[in-house]
2 protein chains.
Amino acid sequence: MQQNLTREEKRQQKLDVILRNAAKAFMERGYYKTSLDDIASMQNVTKPTLYYYIKNKEDILVKCEEVTCGRINAMLDEVMAKNISGYEMLYQFIMRYIGIIIDDVARCHVRHRGQMEDEMLRAQSIKNHKDIENRVREIIRRGIGDGSIRNCNSTILAILLFDSLNGLTSWYKADGKVDQNELTDEVLALVGSGVCRT
Amino acid sequence: MQQNLTREEKRQQKLDVILRNAAKAFMERGYYKTSLDDIASMQNVTKPTLYYYIKNKEDILVKCEEVTCGRINAMLDEVMAKNISGYEMLYQFIMRYIGIIIDDVARCHVRHRGQMEDEMLRAQSIKNHKDIENRVREIIRRGIGDGSIRNCNSTILAILLFDSLNGLTSWYKADGKVDQNELTDEVLALVGSGVCRT
DNA sequence: TTATATTGTTACCGAATAGTAACATATTTT
DNA sequence: AAAATATGTTACTATTCGGTAACAATATAA
């Protein structure tokens with residue numbers, strides 16, 4: 001039994017490594033410029049071996065999405081269960097969202113979501129994001145309801161918020177010049193109070 | 001002479017149509033899933049004919065970028081020449097930027113900038129955007145200087161601003177449900193005052 | 001009208017690459 | 001130890017597609 005578990009764990013670990021390496025390569029070189037041979041050689045195996053862990057190339061994107069959306073939704077479960085104002089919820093969501101998407105697998109998901117060639121998978125991917133977006137809209141509406149957030153179009157605000165947060169994935173490097181805390185502070189200040197002085 | 005001009009004009013017009021159709025296809029199906037045969041058949045010509053107007057596939061991206069960056073810089077020239085506060089400049093920039101990037105060629109540029117395979121072209125593309133970003137940073141700094149914009153990190157603010165504005169290109173459809181004026185108002189309200197009520 | 005430049009076509013090449021079939025080896029279970 | 005399962009490899013297929021050479025037609029200029 002324990003050996004079975006170990007085998008299963010090994011398998012899961014190998015899948016994780018494949019996802020992480022593939023995601024990194026997709027972000028650096030792009031999805032179509034990264035061949036399965038490239039990905040395979042990163043794990044020191046050959047291409048057919050990958051097919052033991054993934055269904056096909058596109059399945060890598062799907063699996064990156066599953067992992068990332070799982071994390072985001074779990075975080076939203078936590079944040080939305082708290083007994084705090086809508087604005088405070090939004091604040092905490094932003095803070096923790098930045099923490100989640102600074103990760104190759106998450107960045108890969110953000111960049112490629114809704115771009116699967118398979119129609120069913122593409123529809124599912126779009127739905128996954130819409131669901132998350134709707135939960136954030138719910139937070140915004142709560143904030144408007146309890147008076148902590150200025151009255152606004154929650155749909156547009158949620159989209160603008162995700163655009164700027166997801167945009168981070170294409171330039172922010174955890175080891176770069178910009179400190180994560182400073183970045184988070186600037187985002188929170190901008191979203192909270194805008195740029196106007198008066 | 002007049003015939004020469006007409007020929008030259010015809011040529012330019014055909015190139016414009018190629019760019020517009022290619023840009024639209026790239027946005028709908030993606031760059032790699034759109035073949036040159038696809039693009040050629042949209043203009044009712046064959047693939048080799050395209051090579052009379054473009055150097056190669058990547059050159060389409062380059063030309064979309066030239067057109068778009070030209071428009072943005074011309075707009076910045078105008079806005080920055082005015083005798084108004086930094087905040088008012090930023091306000092006008094945002095308003096007119098939204099007008100510019102709601103266009104297939106501009107959307108294509110935004111989505112594919114910095115992704116050329118040719119190293120030189122990629123570097124040039126990155127530089128083009130950095131230059132524009134720096135001009136917006138200059139506006140922000142002026143606003144901080146004249147007291148119209150809250151003291152903040154102009155680098156991060158400029159990036160966040162472009163992320164949310166460029167993000168529009170992937171969801172906003174001019175003929176969709178969201179009115180351009182309402183969208184612009186929401187963006188300006190968010191950037192100006194944030195979401196916080198107090 | 002004749003020469004020249006422009007615009008277009010057909011037919012093809014070469015390279016890349018996703019995915020598979022058949023076969024080999026290691027590991028676990030009985 | 002034997003059977004079964006999991007993991008991996010080599011070799012190959014099929015297809016797509018960017019780009020080009022050679023050739024044809026058309027418009028412009030001399």
Whole-Å distance between D/dG8 P and A/Leu15 CG?
12 Å

Side chains of B/Gln124 and B/Asn128: is there a donor and an acceptor less than 3.5 Å apart?
yes

Spacing of A/Ile98 atom CD1 and A/Thr184 atom OG1 [to the nearest 0.5 Å]
4.0 Å

Do any pairs count as a salt bridge (Lys or Arg N to Asp or Glu O under 4.0 Å) and have a residue in residues 25-43 of chain A, sequence neighbours left out, and if so which ones?
A/Arg29-A/Asp38

Keeping to residues at least two apart or across chains, list the salt bridge (Lys or Arg N to Asp or Glu O under 4.0 Å) pairs with something in residues 177-192 of chain B.
none

Using whole Å, what does the distance between atom P of nucleotide D/dT28 and atom NZ of B/Lys10 come to?
6 Å

When rounded to whole Å, the CD to P distance for the pair A/Glu58 and C/dG19 reads 8 Å

Between NZ of B/Lys57 and C1' of D/dG19 the distance, given in whole Å, is 12 Å

Over how many whole Å does the gap from B/Arg11 atom CZ to C/dA5 atom P extend?
15 Å

So SG of A/Cys108 and NZ of A/Lys63: to nearest 0.5 Å the spacing works out to 13.0 Å

Whole-Å distance separating the CD atom of A/Glu8 from the P atom of C/dT29
12 Å

Here the pair of heavy atoms bringing B/Met89 nearest to B/Lys82 is CE-O, 3.5 Å

Within residues 37-56 of chain A, residues whose heavy atoms come under 4.0 Å of DNA chain C
A/Lys47, A/Pro48, A/Tyr51, A/Asn56

With 3.5 Å as the limit, what N/O pairs link the protein to nucleotides 25-27 of chain D?
none

Can you check whether B/Cys64's main-chain N or O pairs, donor with acceptor, with B/Thr68's side chain at less than 3.5 Å?
yes

Got a sec, which pairs hit side chain to side chain donor-acceptor pair (under 3.5 Å) with one end in residues 14-25 of chain B, sequence neighbours left out?
B/Gln12-B/Asp16, B/Asn21-B/Gln43

Find the distance A/Ile60:CD1 to C/dG19:C1' and express it as a whole number of Å.
13 Å

To the nearest angstrom, the CD-P distance between A/Gln12 and D/dT7 comes to 12 Å

When we call it a touch if two heavy atoms are under 4.0 Å apart, what does B/Lys14 touch: a base, just sugar-phosphate, or nothing?
sugar-phosphate

Show the atom names and distances, to 0.1 Å, of all donor-acceptor pairs under 3.5 Å that link a side chain in residues 155-170 of chain A to residues at least two apart or in another chain.
residue, atom, partner, partner atom, Å
A/Thr155, OG1, A/Arg137, NE, 3.4
A/Thr155, OG1, A/Arg137, NH2, 3.2
A/Asp163, OD2, B/Trp171, NE1, 3.2
A/Ser164, OG, A/Leu160, O, 3.3
A/Ser164, OG, A/Leu161, O, 3.0
A/Asn166, OD1, A/Tyr97, OH, 2.6
A/Asn166, ND2, A/Phe162, O, 3.3
A/Thr169, OG1, A/Asn166, O, 2.5
A/Ser170, OG, A/Gly167, O, 2.9

